[in-house]
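Each remark here refers to the structure printed beneath this line.
Residue numbers run from 1 in the order of the sequence given. Only heavy atoms go into these numbers, but all of them, side chains included; no hydrogens, no water, no symmetry mates. Atoms within each ligand, like the ligands themselves, are counted from 1 in listed order. As the structure is a computational prediction, the values presented were derived from the model and not from experiment.
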Amino acid sequence: MTAVLQFDVRKNRCPRVCDSGRLVCYAPVFRWLLFPQDVQMQPVLDFLNARQQTALDELCQFLRIPSISADSAYKPQMNECAEWVRASMTAAGLTATIYPTDGHPIVYGERLRDPSLPTVLVYGHYDVQPPDPLNLWTSPAFEPQVREGKLFARGATDDKGQLFTHLKSIEAWVKVNGELPVNVKVLIEGEEECGGVHLDHFLETHRDLLKADVAVVSDTSQYGDGIPAITCGLRGIVAAEVRLKGPSKDLHSGIYGGSIANPVNALTRMCGTLVGADGRVQIPGFYDDVDDLTPAERAQYAKLPFTEASFLKEVGSSATFGEAGWSTLERRTARPTCDINGIFGGYTGEGPKTIIPSKATAKITCRLVPRMNPHKVLDQLEAYLKSQCPAGIEFEFKRFHGCEAFVFDPTSDWLVAAGRAVETAFGQPPVLVREGGSIPVVLSLKQILGLNTLLLGWGRNTDNLHSPDEHIHLQDFHRGTLASACLWKELATVPRG
Ligand code: BES
Ligand code: MN
Ligand code: MN
């Protein structure tokens with residue numbers, strides 16, 4: 001049976017939407033004989049097409065809850081949001097439970113049909129970034145508004161809008177066909193944006209509950225407008241904070257200047273040498289374990305549509321900058337970086353103030369590529385900064401979250417099957433890309449549960465993630481829902497093991 005299915009999958013043609021708009025399926029006949037209801041794909045798509053407004057209205061309810069995980073003042077709203085997700089899972093036909101943690105609750109739902117079918121674990125996060133700076137939003141962050149075909153609200157694309165596509169497609173399958181063609185498990189957490197530690201503990205203590213064949217995460221982006229992507233690599237990350245302490249209080253810079261080290265001077269000098277004028281990170285040993293792109297990968301990169309001018313327009317800059325010898329796309333997604341995220345100390349009010357400040361702080365992150373070890377990079381960063389710290393300054397180095405980079409085998413059957421689903425919904429096959437951002441759970445799913453993750457992003461990098469006026473294109477939300485509906489059917493055809 002396995003052999004036959006494998007043969008079928010390989011020979012299988014992509015389902016396509018033909019000119020009449022109807023979906024023509026070429027799924028393996030054997031699966032149809034076993035589960036005849038699974039051929040009912042078109043009615044599921046019809047159902048979703050007819051209920052776009054309902055899905056949008058429900059998403060707006062979801063977006064109205066300010067689930068800001070980083071701010072403890074929003075604890076009640078985090079609980080309210082978890083409850084909303086649980087109710088929405090139940091409405092979709094899942095058996096859903098809230099698992100309280102020492103941080104924010106985890107919501108888990110499942111619909112298990114037959115152990116012989118593949119089991120898919122869907123992950124998403126219901127927490128959002130703080131909406132600040134509030135004055136730069138055209139409409140309030142937690143009052144969703146549609147303008148020019150886009151839905152504006154914090155979390156619209158990262159990640160409420162994207163994760164909700166899966167709940168809607170599950171609901172459609174259950175309502176139309178009574179069942180899904182795969183077993184689904186859905187895990188929605190509330191600590192992704194604040195580097196929470198409780199999800200890993202949950203994965204470690206619920207291995208049986210979460211047992212699956214493959215994971216699906218919609219928390220990345222399309223490659224470009226209308227060019228869908230499957231992300232087969234993510235950069236890792238380490239985050240740290242350096243705190244320098246000089247004199248016990250701010251001092252008169254005329255009376256004392258020149259006689260002791262100034263912590264802001266020291267910090268800017270230390271930080272100023274992290275990245276050279278050639279864009280290379282100067283931390284000794286930083287590139288020791290970097291896996292360079294292979295010539296074949298670089299050839300793939302070169303084939304992707306990219307123009308420097310539209311990239312500059314997207315970021316609002318007049319020139320690109322980065323490590324010599326690599327293209328902008330390569331630097332952005334497959335080369336390691338070191339960035340100062342914030343630096344502060346001393347007087348920052350209006351007018352001059354003549355002091356030697358007592359303290360200075362910098363927040364730093366490095367993005368990592370395959371084979372770089374987060375602990376090693378933090379050790380290197382700490383050692384380098386410390387070696388630059390002058391006498392008389394106390395040096396403190398605080399480590400935050402970190403995770404390794406991730407790469408998915410682009411020839412995997414799961415990925416090929418997912419590609420067919422994306423092609424059906426977007427009208428063109430997805431490109432395979434690596435992304436520069438990080439999704440730590442993808443590493444945890446691999447390391448703790450042994451799962452590979454299909455990163456299927458419906459949104460766009462230009463959706464203002466983490467910025468004011470975050471939005472999702474209504475079209476992307478809808479075709480994401482259709483792609484998700486097709487995904488269950490396509491993944492059902494993949495031989496397991
Ligand atoms: N959804 C993003 C990550 C993302 C967005 C990856 C677009 C690729 C394309 C996620 O919510 C996020 O913001 N991740 C953080 C992780 C950090 C807080 C550990 C990031 O990348 O900064
Ligand atoms: Mn996200
Ligand atoms: Mn995010």
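Per-residue contacts place Leu465 under 4.0 angstrom from the following atoms of ligand 1 (heavy atoms of the residue considered): 5 (C), 7 (C). The ligand atoms of ligand 1 that sit less than 4.0 angstrom from a heavy atom of Pro440 are 19 (C).
Screening the protein for N, O or S atoms under 2.8 Å from the Mn ion (ligand 3) yields 4; no waters enter the count.
Applying the ring pair (Phe, Tyr, Trp, His ring centres under 6.0 Å) rule to pairs touching residues 274-314 yields Phe306-Phe311, sequence neighbours excluded. The side chain to side chain donor-acceptor pair (under 3.5 Å) contacts involving residues 96-109 comprise Tyr108-Glu110, where partners must be two or more places apart or lie in separate chains.
Residue Glu148 places its CD atom among 12 or fewer non-hydrogen atoms of other residues, nucleotides or ligands, all under 6.0 Å distant.
Protein heavy atom at the shortest distance from atom 4 (C) of ligand 1 is Asp219 O, 3.6 Å. In terms of protein heavy atoms, atom 14 (N) of ligand 1 is closest to Ser438 O, 2.9 Å.
Summarising the contacts of atom 22 (O) of ligand 1 with Glu193, Glu435, Arg367, the nearest heavy atom is found in Arg367. Remark: among candidates His466, Arg434, Glu192, the nearest residue to atom 18 (C) of ligand 1 is Glu192, based on non-hydrogen atoms.
Contact between Asp159 and ligand 1 is absent, with no heavy atom of the residue lying under 4.0 Å from the ligand. Judged by the shortest distance from any of its heavy atoms, His125 lies inside the 4.0 Å radius around the atoms of ligand 1.
Taking the six-membered ring for Trp and thresholds of 30 and 60 degrees, Phe202 and His206 have nearly parallel ring planes, at less than 30 degrees apart. Taking the six-membered ring where tryptophan is involved, the planes of Phe408 and Phe406 are perpendicular, since the angle between them exceeds 60° and thus also 30°.
When non-hydrogen atoms are compared, ligand 1 lies under 4.0 Å from neither the backbone nor the side chain of Thr231. When non-hydrogen atoms are compared, ligand 1 lies under 4.0 Å from the side chain of Asp158 (C-beta onward) but not from its backbone.
A salt bridge does not link Glu323 to Arg331: none of the charged side-chain nitrogens sits closer than 4.0 Å to a carboxylate oxygen. A salt bridge links Arg243 with Glu241: the closest approach of a Lys/Arg side-chain nitrogen to an acidic carboxylate oxygen falls below 4.0 angstrom. Under 4.0 Å is where a charged nitrogen must lie from a carboxylate oxygen, and between Arg420 and Glu423 no such pair does. Between Arg399 and Asp379 there is a salt bridge, with a side-chain nitrogen of the basic residue lying less than 4.0 Å from a carboxylate oxygen of the acidic one.
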Can you give each donor-acceptor pair under 3.5 Å made by side-chain atoms of residues 426-443, sequence neighbours left out, with the distance rounded to 0.1 Å?
| from | atom 1 | to | atom 2 | distance (Å) |
| --- | --- | --- | --- | --- |
| Gln428 | NE2 | Gly226 | O | 2.9 |
| Arg434 | NH2 | Glu297 | OE2 | 3.3 |
| Glu435 | OE1 | Arg332 | NH1 | 3.4 |
| Glu435 | OE2 | Asn461 | ND2 | 3.0 |
| Ser438 | OG | Arg235 | O | 2.8 |
| Ser438 | OG | Gly236 | O | 3.4 |
| Ser438 | OG | Arg367 | NH1 | 2.7 |

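With values rounded to the nearest 0.5 angstrom, Thr337 atom OG1 is found 11.0 Å from Leu274 atom CG.
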